[in-house]
A.B. asks: 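What follows is a single structure, and I will ask about it in a moment.
Note that these values count all heavy atoms, side chains included, but never hydrogens, waters or copies made by symmetry.
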Amino acid sequence: MQAKKHPIFITNSLTGKKELFKPLVDDYVGMYVCGPTVYSDVHLGNVRTFLTFDVISRYFRYLGYKVRYVRNITDVGHLENDADEGEDKIAKKARLQQLEPMEIVQKYTVGFHEVLNQFNILSPSIEPTASGHIVEQINLTKTLLEKGFAYEVNGSVYFDVKKYNGLHDYGILSKRNIEDLMDSGRALDSQDEKREKIDFALWKKASPSHIMRWPSLWGDGFPGWHLECTAMSTKYLGETFDIHGGGMDLKFPHHECEIAQATALTGKPPVNYWIHSNMLTVDGQKMSKSLGNSFLPHELFTGTHKLLDKGYSPMTVRFFMLQSNYSSTLDFSNEALQAAEKGFKRISSALAVIKKLKYETASSLNHELDSDLNRLSSDCLTNMSDDFNTAKTLAVLFEMSSRINDFKSGIKRVSEVTRDTFENFKASYVGFMEEVLGLTDEVENNNKLLVGTINVLIALRKRAREDKNFPLSDKIRDDLKALGVQLMDGKDGEMNYSID
RNA sequence: GGUCUCGUGGCCGAGUGGCUAGGCAGAGCUCUGCAAAAGCUCGUACAGCGGUUCGAAUCCGCUCGAGACCUCCA
């Protein structure tokens, strides 16, 4: 294992600065990421966020940290529209489809996991549900009432933002000031129970028809959205933890409210480093369910989306997303995916090559090559440690793949470098590709039978070529090509292939 | 209206005071039974206008353009 204590720098959205990462406890990282509300299919914008934090947690582990990664499932309490008239998203969907709310939750949770699996996004250490932490949320609400940061009206409990702001800074994350927030937007509704419209619900009274309900000190009700994350993050990671992540669009109000609740409860900031991933755009516009421009994963794999010419594999998309920085918007287009497909094919075939490549006893040492390979290996670490710069890391991997191809074609020999240099180079390439970036060889992993069959055909074709039976060898190649398998002849009869 | 972010070559995208990003596409060459792949070489760039500086794509100001958040969204 690398386990080198390479210093990591993180752009902290709380301060807006790139900061040296210092964990609360040496060698341990606690990270919380806001998961999905399971009321509909996840689209690729959602995937980008979970991919970002997948790579971040993978990298910490690669460096030898023990990571506790908590990513919740919001299965209750996420309201539509304003917190007062709003209807629970899951309950609404259940009513429309005439299903039990937990049926909806089950269906989309399973779908969510399937999608993440396809993209090789690893499971978090803990995946708690909001509905499984009602007791904790009631207790937090109670404490906030006792501390005077909340008030009860008609069986609902609201957080008193003005009161909080007198002691702490509401808006510290989203850089807003409370006066602007109070002035802007809709006027206070006469029906509104809240003292100020910026106040938010900790606990909501359930109307008689509301299905998802739990008994509490304030009558039957359900928890507010913001509270669940505070309840679950502090339960599993402590009152203050290292990293909190999520999509940019959750910064306000969700994360701002989390900070307010937690700070009101404990008197200290809950999170040391906030990381926000940026949006996936289509024609420059945010991909979102409400705009109706989302791409669903299966539309992408099959190419059935109207903006696509053809389907793209999950690994191509994973690679595509990692070519940009998580903090920049990324535009999704057919052309960009096409370029990504070819690029990915290149570094992934180099991966197959280096895996098979063995060290030979050193001959004459090529100092220039030796130090070049060492530089490339360490550049991977440097770039990933610089705010998880996957784009730069991939650029290094492309450079490395050129060297690998040199070895393959015999332009350079592995014996020109020391054994340590070679093994380190190999471990870096394989490690960064597979462990850190999660870019695995799709073909080999997905279809051993196919791979075996292709190898049989390759052997037959080799025989034909040796016999100078070119019509037969070309037929094998052409027929395979028609099926999407491209054969590539190498030096001394060696053969590679790629599958579309 | 308020708050904030961004504008890089044909396309996608890093970088952010002096040092080739990278990928895709394009041109030429090498290798090869042919093809493909690979290798080598090449071109085009930092929205505009001012300012700071020995030096700016990078810092500051303005202009233009795009987007996000302020209501649910990853």
A.B. asks: Extract from the structure each pairing of a protein N or O with an N or O of nucleotides 34-39 of chain B at less than 3.5 Å, listing the distance.
C.D. replies:
| residue | atom | partner | partner atom | Å |
| --- | --- | --- | --- | --- |
| B:C34 | O2 | A:Arg477 | NH2 | 2.6 |
| B:C34 | N3 | A:Arg477 | NH1 | 2.8 |
| B:C34 | N3 | A:Arg477 | NH2 | 3.3 |
| B:C34 | N4 | A:Asp489 | OD2 | 2.9 |
| B:A35 | N6 | A:Asp489 | OD2 | 3.3 |
| B:A35 | N1 | A:Asp489 | N | 3.4 |
| B:A35 | N3 | A:Arg477 | NH1 | 2.9 |
| B:A36 | N1 | A:Asp489 | O | 2.9 |
| B:A38 | O3' | A:Asn405 | ND2 | 3.2 |
| B:G39 | OP1 | A:Ser402 | OG | 3.3 |

A.B. asks: Anything below 3.5 Å on both distances counts as a pair; with that, list the stems of at least three consecutive Watson-Crick or G-U pairs involving RNA chain B.
C.D. replies: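 Stem list for RNA chain B: B:1-7 with B:64-70, B:10-12 with B:22-24, B:26-30 with B:38-42, B:47-51 with B:59-63.
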
A.B. asks: Can you tell me how far C1' in B:C49 sits from the matching atom in B:C12, rounded to whole Å?
C.D. replies: 29 Å

A.B. asks: Could you tell me how far B:G15 sits from B:C72 if I compare only their C1' atoms? Round to whole Å.
C.D. replies: 36 Å

A.B. asks: Going by distance alone, is a donor N or O of one side chain under 3.5 Å from an acceptor N or O of the other, for A:Tyr312 and A:Glu341?
C.D. replies: no

A.B. asks: So, does A:Lys286 get its side chain near the phosphate of B:C69, meaning an N or O under 4.0 Å from OP1 or OP2?
C.D. replies: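 Yes, within the criterion.
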
A.B. asks: What residue pairs, at least two apart or across chains, pass salt bridge (charged side-chain N to carboxylate O under 4.0 Å, His left out) with a residue in residues 317-327 of chain A?
C.D. replies: A:Asp54-A:Arg318

A.B. asks: The criterion is side-chain hydrogen bond (donor to acceptor under 3.5 Å, both in side chains); which residues satisfy it with A:Tyr108, sequence neighbours excluded?
C.D. replies: none

A.B. asks: Looking at A:Asp88 and A:Lys204, is there a salt bridge between them, counting it only when a charged N and a carboxylate O are closer than 4.0 Å?
C.D. replies: no

A.B. asks: A:Phe407: which residues meet the ring pair (Phe, Tyr, Trp, His ring centres under 6.0 Å) condition with it, sequence neighbours left out?
C.D. replies: none

A.B. asks: Less than 4.0 angstrom from a charged side-chain N to a carboxylate O is my criterion; do A:Lys475 and A:Asp478 meet it?
C.D. replies: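 Result for this pair is no, no salt bridge flagged.
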
A.B. asks: Answer with base, sugar-phosphate or nothing: what part of the nucleic acid does A:Gly284 contact at a heavy-atom distance below 4.0 Å?
C.D. replies: sugar-phosphate

A.B. asks: Consider only side-chain N and O atoms of A:Glu228 and A:Asn72, and report whether a donor and an acceptor are under 3.5 Å apart.
C.D. replies: yes

A.B. asks: At 4.0 Å (heavy atoms only), tell me whether A:His276 reaches a base, stays on the sugar-phosphate, or touches nothing.
C.D. replies: nothing

A.B. asks: So, using ring pair (Phe, Tyr, Trp, His ring centres under 6.0 Å) as the criterion, who are the partners of A:Phe470 when residues are at least two apart?
C.D. replies: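 Counting only residues at least two positions away or on another chain, A:Phe470 forms no ring pair (Phe, Tyr, Trp, His ring centres under 6.0 Å).
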
A.B. asks: Which residue pairs pass the salt bridge (charged side-chain N to carboxylate O under 4.0 Å, His left out) test with at least one member in residues 242-252 of chain A, sequence neighbours excluded?
C.D. replies: A:Asp249-A:Lys286

A.B. asks: Measuring only the P atom in each nucleotide, how far is B:G48 from B:U8? A whole number of Å is fine.
C.D. replies: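 Approximately 10 Å lies between the P atom of B:G48 and that of B:U8.
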
A.B. asks: Using a cut-off of under 3.5 Å, enumerate the N/O to N/O pairs linking the protein to nucleotides 41-45 of chain B.
C.D. replies:
none

A.B. asks: Which nucleotide in the list B:A74, B:A25, B:G67 gets nearest to the side chain of A:Lys342?
C.D. replies: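 Selected nucleotide (nearest to the side chain): B:A25.
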
A.B. asks: Please check if any side-chain donor atom of A:Thr329 sits under 3.5 Å from a side-chain acceptor atom of A:Asp331, or the reverse.
C.D. replies: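 Their side chains do not contain a donor-acceptor pair, so the 3.5 Å distance test is not met.
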
A.B. asks: Checking all strands, does A:Phe252 fall into the base, sugar-phosphate, or nothing category for heavy-atom contacts under 4.0 angstrom?
C.D. replies: sugar-phosphate

A.B. asks: Can you check the distance between B:C70 and B:A37, where both ends of the measurement are the P atom (answer in whole Å)?
C.D. replies: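 Approximately 47 Å lies between the P atom of B:C70 and that of B:A37.
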
A.B. asks: Given that A:Leu250 and A:Pro471 both sit by RNA chain B, which one's nearest nucleotide is further toward the 5' end?
C.D. replies: A:Pro471

A.B. asks: With rounding to whole Å, what would you report as the distance between B:U16 and B:G55 at their C1' atoms?
C.D. replies: 15 Å

A.B. asks: Listed by chain and number, what are the side-chain hydrogen bond (donor to acceptor under 3.5 Å, both in side chains) partners of A:Glu399, not counting sequence neighbours?
C.D. replies: A:Arg375

A.B. asks: Counting the atoms with a prime plus P, OP1 and OP2 as sugar-phosphate, which does A:Leu291 contact under 4.0 Å by heavy atoms, base, sugar-phosphate, or nothing?
C.D. replies: nothing

A.B. asks: Can you list, pair by pair, the side-chain donor-acceptor contacts under 3.5 Å of residues 390-398 of chain A, counting residues two or more places apart and other chains?
C.D. replies:
| residue | atom | partner | partner atom | Å |
| --- | --- | --- | --- | --- |
| A:Thr390 | OG1 | A:Leu322 | O | 2.7 |
| A:Thr390 | OG1 | A:Ser324 | O | 3.4 |
| A:Thr393 | OG1 | A:Asn389 | O | 2.8 |

A.B. asks: Under 5.5 Å centre to centre and under 30° between planes: does that hold for A:Phe398 and the six-membered base ring of B:G23?
C.D. replies: no

A.B. asks: Any side-chain donor-acceptor pair under 3.5 Å between A:Tyr164 and A:Asp199?
C.D. replies: no

A.B. asks: In the 5'-to-3' direction, what one-character label does each nucleotide of nucleotides 8-18 of chain B receive under the scheme B = base within less than 4.0 Å of a protein heavy atom, S = sugar-phosphate only, - = no such atom?
C.D. replies: ----SSSS---

A.B. asks: What interatomic distance, in whole Å, is found between C1' of B:C73 and the corresponding atom of B:U44?
C.D. replies: 40 Å

A.B. asks: Determine which pairs satisfy side-chain hydrogen bond (donor to acceptor under 3.5 Å, both in side chains) with at least one residue from residues 111-125 of chain A, sequence neighbours left out, and list them in order.
C.D. replies: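 Pairs touching residues 111-125 of chain A that pass the test: A:His113-A:Glu127.
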
